[in-house]
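To keep things clear, I will list the structure first and then write my remarks on it.
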There are 2 protein chains.
Amino acid sequence: MAPSSSSRAGRPPRTSREAILAAARGLIAREGWQRLTFRRLAAELGVGTTTLYHHVRDREDLVIQLLNDQAARTARPELPGDPHERIIAAGIAVHDTLARWPWAAEVVATDGFIVRLGEPALWMVDAIVGGALDAGCTQAEAVVVFRSVWYYTVGEIIVRARTADRPSDAPRAVDADSFTGLDPERLPHLAAVRGEWGRESARDTYAEGLRAFVGGLLDRGRVR
Amino acid sequence: MAPSSSSRAGRPPRTSREAILAAARGLIAREGWQRLTFRRLAAELGVGTTTLYHHVRDREDLVIQLLNDQAARTARPELPGDPHERIIAAGIAVHDTLARWPWAAEVVATDGFIVRLGEPALWMVDAIVGGALDAGCTQAEAVVVFRSVWYYTVGEIIVRARTADRPSDAPRAVDADSFTGLDPERLPHLAAVRGEWGRESARDTYAEGLRAFVGGLLDRGRVR
DNA sequence: ACCTGAACACCGTTCAAGT
DNA sequence: ACCTGAACACCGTTCAAGT
């Protein structure tokens, strides 16, 4: 399905949007998302770098197209009937999907990003907004619920991507002796939890945070 | 206090950490944070680019030092006695401060970022952790409360920085006709709130989202 | 010690020209 | 139409050499 390489007999004289996305997927899979550049992508396809500008507007556009393309290939989960649980399930599904695509991190925080998503990616917005409406939110409140969950998710995803990104040579001592030289007189509470900090920071707490967040957001009269 | 420029009689033969940070502040103030590069910063100081590497380890280190430096110059707010309200006040203070420093966005999501902060910046971690402990959380729960609030804040700040960043030539139609061509059969809830989307997206909903989040996090038995 | 220019190894993007 | 190489305008960082 995806053209394997440029080593065929007569190298193809033209590319398509589909071929570019397929090559990008291959490049990410083989060399890592940090190596996805226009120059390398063009070389992968056996075309000139500037040829890509006939099919994608710029780098941001490439990554958003890639995200929409991948979303279309991903099965969407069955969601619970309970509105509250439905929002949580949709949030976790989005989180787990984006966690598997660290290259998407650079683009999820783009202004107006949601509006640029295609239908296969928008189901999650619909599920969260729908859950909020079914729980009794007004339309405006439902948008706030989505935005809040979105900011939380984006924050976690970007920190996660930056963590995975880090070259493993310097492990960054976040372990037992976090906050060494911390004055317990001036920062007493931080000193108190110092021992828990490293252990807790290593855990994935996204789901429990989300559960608390949705609980607070759906409490009558909390939002607005 | 800060050396005004390099136009003095005999240009100073050496830089210091302090001079570098002062020059960086000036460069950001005059030309915008996007123009803060090692090459430009060195030119500003009248030294060779590579000289900077004797005072800061790399670009990330420069920005974190700048953040700690700015935090030390910023007055910290009076915080309410009520633990719940204290967490909210600290969160808003952090948010409002970071919103004024868009150059910090690139670094707040760094792995182990919090541990690299100095005491003048750590008061906010202490305030949030302290509020959680005073509200009856265990030490581990208090760390989860901080992390959750932190992810939410980071997400909002990064989206905000990316929005401000955008060159204003293309305004990105997020207005009334968001989600044009959206099929109401397939995404009914999104279609329902379409009219509210643009208006709500333009509002600053950080504080109300935070209030809901903290409410949910401090509800007994919600976290863990 | 502290500073330096040159060089390395890249980027995204524009543009005028080719087929 | 579609594709192209060359060029523009940059980056952060390393290194061997100078004072």
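Quantities reported herein were computed from a predicted structural model and do not represent experimental measurements. A note on names: the letters A, B, ... follow the listed sequences, proteins ahead of strands, and every chain is numbered from 1.
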Classify every nucleotide of nucleotides 14-19 of chain D by which part a protein heavy atom approaches to under 4.0 Å, writing B for the base, S for the sugar-phosphate alone and - for neither, in 5'-to-3' order. BB----

Pairwise ring-ring contact (aromatic ring centres under 6.0 Å, His included) hits with a residue in residues 43-74 of chain A, at least two apart: A:Phe38-A:Tyr53

Show the numbers, then the answer: is there a salt bridge (Lys or Arg N to Asp or Glu O under 4.0 Å) between A:Arg59 and A:Glu106? CA-CA 11 Å; A:Arg59 196 191 144 72; A:Glu106 66 177 286; 2.8 Å; yes

Please give the distance between the C1' atoms of C:dC10 and D:dC8 as a whole number of Å. 15 Å

Tell me whether A:Gln34 at atom CD has more than 12 heavy atoms from other residues, nucleotides or ligands lying less than 6.0 Å away. yes

Please list all pairs meeting ring-ring contact (aromatic ring centres under 6.0 Å, His included) that have one or both residues in residues 102-127 of chain B, counting only residues at least two apart or in different chains. B:Trp101-B:Trp103, B:Phe113-B:Trp150

Length of the line joining A:Glu106:CD and C:dG12:C1', which is rounded to integer Å: 12 Å

Could you pull out the protein-nucleic contacts involving nucleotides 7-11 of chain C (nitrogen or oxygen on both sides, under 3.5 Å)?
residue, atom, partner, partner atom, Å
C:dC11, OP1, A:Thr37, OG1, 3.4
C:dC11, OP1, A:Arg40, NH2, 2.4
C:dC11, N4, A:Arg39, NH2, 3.3

Stem finding on DNA chain D, please: runs of three or more consecutive Watson-Crick or G-U wobble pairs, both distances under 3.5 Å, sorted by first number. C:4-8 with D:12-16, C:12-16 with D:4-8

Check A:Glu208 with A:Arg203, please: is the shortest side-chain N to carboxylate O separation under 4.0 Å? yes

Would a 4.5 Å heavy-atom cut-off, applied to side chains only, mark A:Ile158 and B:Ile158 as touching? yes

Given C:dC3, D:dC3, D:dT4, which nucleotide is nearest the side-chain atoms of A:Val47? D:dT4

Quick check on side chain to side chain donor-acceptor pair (under 3.5 Å): which of A:Asn68, A:Asp61, A:Asp69 does A:Gln65 satisfy it with? A:Asp61

Do B:Arg147 side-chain atoms and A:Glu200 backbone N/O form a donor-acceptor pair below 3.5 Å? yes

Taking 4.0 Å as the cut-off, does a side-chain nitrogen or oxygen of B:His55 come that near to OP1 or OP2 on C:dC3? yes

A:Asp61 CG - C:dG12 P separation (whole Å): 14 Å

Provide the distance between the two C1' atoms, one in C:dA1 and one in D:dA17, to the nearest whole Å. 15 Å

Measure CD1/A:Ile20 against P/D:dC2 and give the value in whole Å, please. 12 Å

Taking side chain to side chain donor-acceptor pair (under 3.5 Å) as the test, write out the residues that go with A:Thr153, two or more places apart. A:Tyr206

